[in-house]
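None of the values given here were measured: they were computed from a predicted structure. Letters go in sequence order (proteins before strands), and every chain restarts at 1.
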Amino acid sequence: MRIVFMGTPDFSKTVLKTLCENGNTPIAVVTGADKPAGRGYNLMQSAVKKYALEQKIEVMQPEKLSDPIFFEKLSSFDPDVIIVVAYGKILPESVLNLPKYGCINAHASLLPMYRGAAPMQRAIMDGKSETGVTIMKMDKGLDTGDMILTLKTAISDEDNFETVHDRLSKLSGEGVINVLKLLEKGEATFTAQDEKKATYAEKISKSDEIINFYRTAKEISCQIRALTPFPFAYCMFNGKKLKITKADVLSDFDAKGKNPGEIISVNKNGITVATGKGALLITEVFPESKRRMNVCDFINGAKIRQGDILISANY
RNA sequence: CGCGGGGUGGAGCAGCUUGGUUAGCUCGUCGGGCUCAUAACCCGGAGGUCAGGAGGUUCAAAUCCCCUCCCCGCAA
């Protein structure tokens, strides 16, 4: 199989790595342009680019996929299949139709649910108990292609974006390998998505990061887990951002007479804060300008005490 | 030179604006006590010279000025 791989972030890199380690090393990789990022705005290479360079795989970083020079170059590789994982841009039909087997995409959700930019985060945020990856043959729509393979994984109360992301990136790698085999044997089956069940996972915005203590403890917990370790859910304490990175739900806690956001108790177990329904036991935080730390350390340093209020940020 | 926060005993912080007795707090740790017992409580101890610069100012600097190194947030 002559494979061209398209992808950009860490999730994609894991899939690329799996391919390489299984004897399916792509002949070329297409990834996003280097962008200024980090402190000092230094130019940063994508995770996929770094790995591809290490593996001595040719890297392309076209500004536009519609660029005829790029297309010519891509055509010259005469790919049998193009594997696309979180590349970040819409592929033009010319590219979709180029490879013999078409473009194969791994999407981190159980399609047709959670099409779009942030499927993992949205699934966790919505409190889903299950998610997965879908390998599909791409068409011109956004994550609307016919499905070839679906791999599921459960979401537990302990899971957060990081753990789900890691698991799904590995599953995606496995899924893609399997689909390649199916394609080669001509045994791949293509199932159309049920449009009626389609949902869209909008990308995470600033407002998604703000913790609203009037919501239920369960909902807030899901929000925190969906946004850890990036970009984090936060509230305000003493005029500063306080990201909450871990918290347990105390669903049977009777918060009557307490205002949402009010701190009910502070002890070695953590900080208990009232919510719209039930309470939240905060066990790990990430204060502004500080490091992510165990809640005990935070309690020792900040003089937080019972009766203090955590405010839902609004700026 | 994108903007901002910070480097103080093992951890998290205060002190620095208005320089000057033994550098303070919470936790951990070590020893002792209380207790059937304890992560609970009580008593006592060890441990820092304040990122680095045989730098500047000063009678005197963790506290003011200068330089270097490092960490973090924003932004992406």
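Rounded to whole Å, the distance from CG on A:Asn267 to C1' on B:rU26 is 14 Å. Across the protein-nucleic acid pair, A:Asp10 atom CG and B:rA76 atom C1' stand 16 Å apart, rounded to whole Å. A straight line from CD of A:Glu288 to C1' of B:rC13 spans 16 Å, rounded to a whole angstrom. Rounded to whole Å, the distance from CG on A:Asn269 to C1' on B:rA40 is 13 Å. A straight line from CZ of A:Phe298 to P of B:rA14 spans 11 Å, rounded to a whole angstrom. The CZ atom of A:Arg292 sits 23 Å away from the P atom of B:rG6 (whole-angstrom rounding). Remark: C1' of B:rC13 and CG of A:Asp297 are 10 Å apart, rounded to the nearest angstrom. Spacing between atom NZ of A:Lys268 and atom P of B:rU26 amounts to 14 Å, rounded to whole angstrom units.
The separation of B:rG28 from B:rC70, taken at their C1' atoms, amounts to 26 Å, rounded to a whole angstrom. Look at the P atom in both B:rU17 and B:rG12: the space between them is 25 Å, to the nearest Å. The P atoms of B:rA75 and B:rG15 are separated by 27 Å, rounded to the nearest whole Å. Only the P atoms considered, B:rC25 is 13 Å distant from B:rG45, to the nearest whole Å. A distance of about 12 Å separates the C1' atoms of B:rA62 and B:rG7, rounded to the whole Å. Comparing B:rG9 with B:rG4, their C1' atoms are spaced 29 Å from each other, to the whole Å. Distance check on atom C1': B:rC71 versus B:rU57 gives 29 Å, rounded to whole Å. The gap from the P atom of B:rA40 to that of B:rU26 amounts to 15 Å, rounded to the nearest Å.
Contact annotation: A:Lys243 does not reach the phosphate of B:rG73 (side-chain N/O to OP1 or OP2, under 4.0 Å). Neither OP1 nor OP2 of B:rC74 sits under 4.0 Å from any side-chain N or O of A:Lys206.
Under a cut-off of 6.0 angstrom, the local environment of CD in A:Gln55 is crowded, with over 12 non-hydrogen atoms contributed by other residues, nucleotides or ligands. The environment of A:Arg2 atom CZ is dense: over 12 non-hydrogen atoms of other residues, nucleotides or ligands sit within 6.0 angstrom. Atom NZ of A:Lys89 has more than 12 heavy atoms from other residues, nucleotides or ligands within 6.0 Å.
Defined by atom type and a distance below 3.5 Å, a donor-acceptor pair is present between the side-chain atoms of A:Glu284 and A:Thr245.
Nearest to the side chain of A:Lys290, among B:rC74, B:rG12, B:rC13, sits B:rC13. Set against B:rC74, B:rG12, B:rG5, the side chain of A:Lys241 has B:rC74 as its closest nucleotide.
B:rG73: Watson-Crick or G-U partner is B:rC3, with both key distances under 3.5 Å. Nucleotide B:rG44 forms a pair with B:rC30, judged by Watson-Crick or G-U wobble geometry with both contacts under 3.5 Å. Across all strands shown, B:rG19 forms no Watson-Crick or G-U wobble pair with both key distances under 3.5 Å. With a cut-off of 3.5 Å on both Watson-Crick or G-U wobble distances, the partner of B:rA54 is given as none. Base pairing analysis places B:rG12 opposite B:rC25; the two distances defining the Watson-Crick or G-U wobble pair are each below 3.5 Å.
Nucleic acid contact for A:Phe232: none, since no nucleic acid atom lies under 4.0 Å from a heavy atom of the residue.
A salt bridge links A:Asp34 with A:Lys49: at least one charged nitrogen is closer than 4.0 Å to a carboxylate oxygen. With salt bridges taken as basic N to acidic carboxylate O contacts below 4.0 Å, one links A:Arg115 and A:Glu195.
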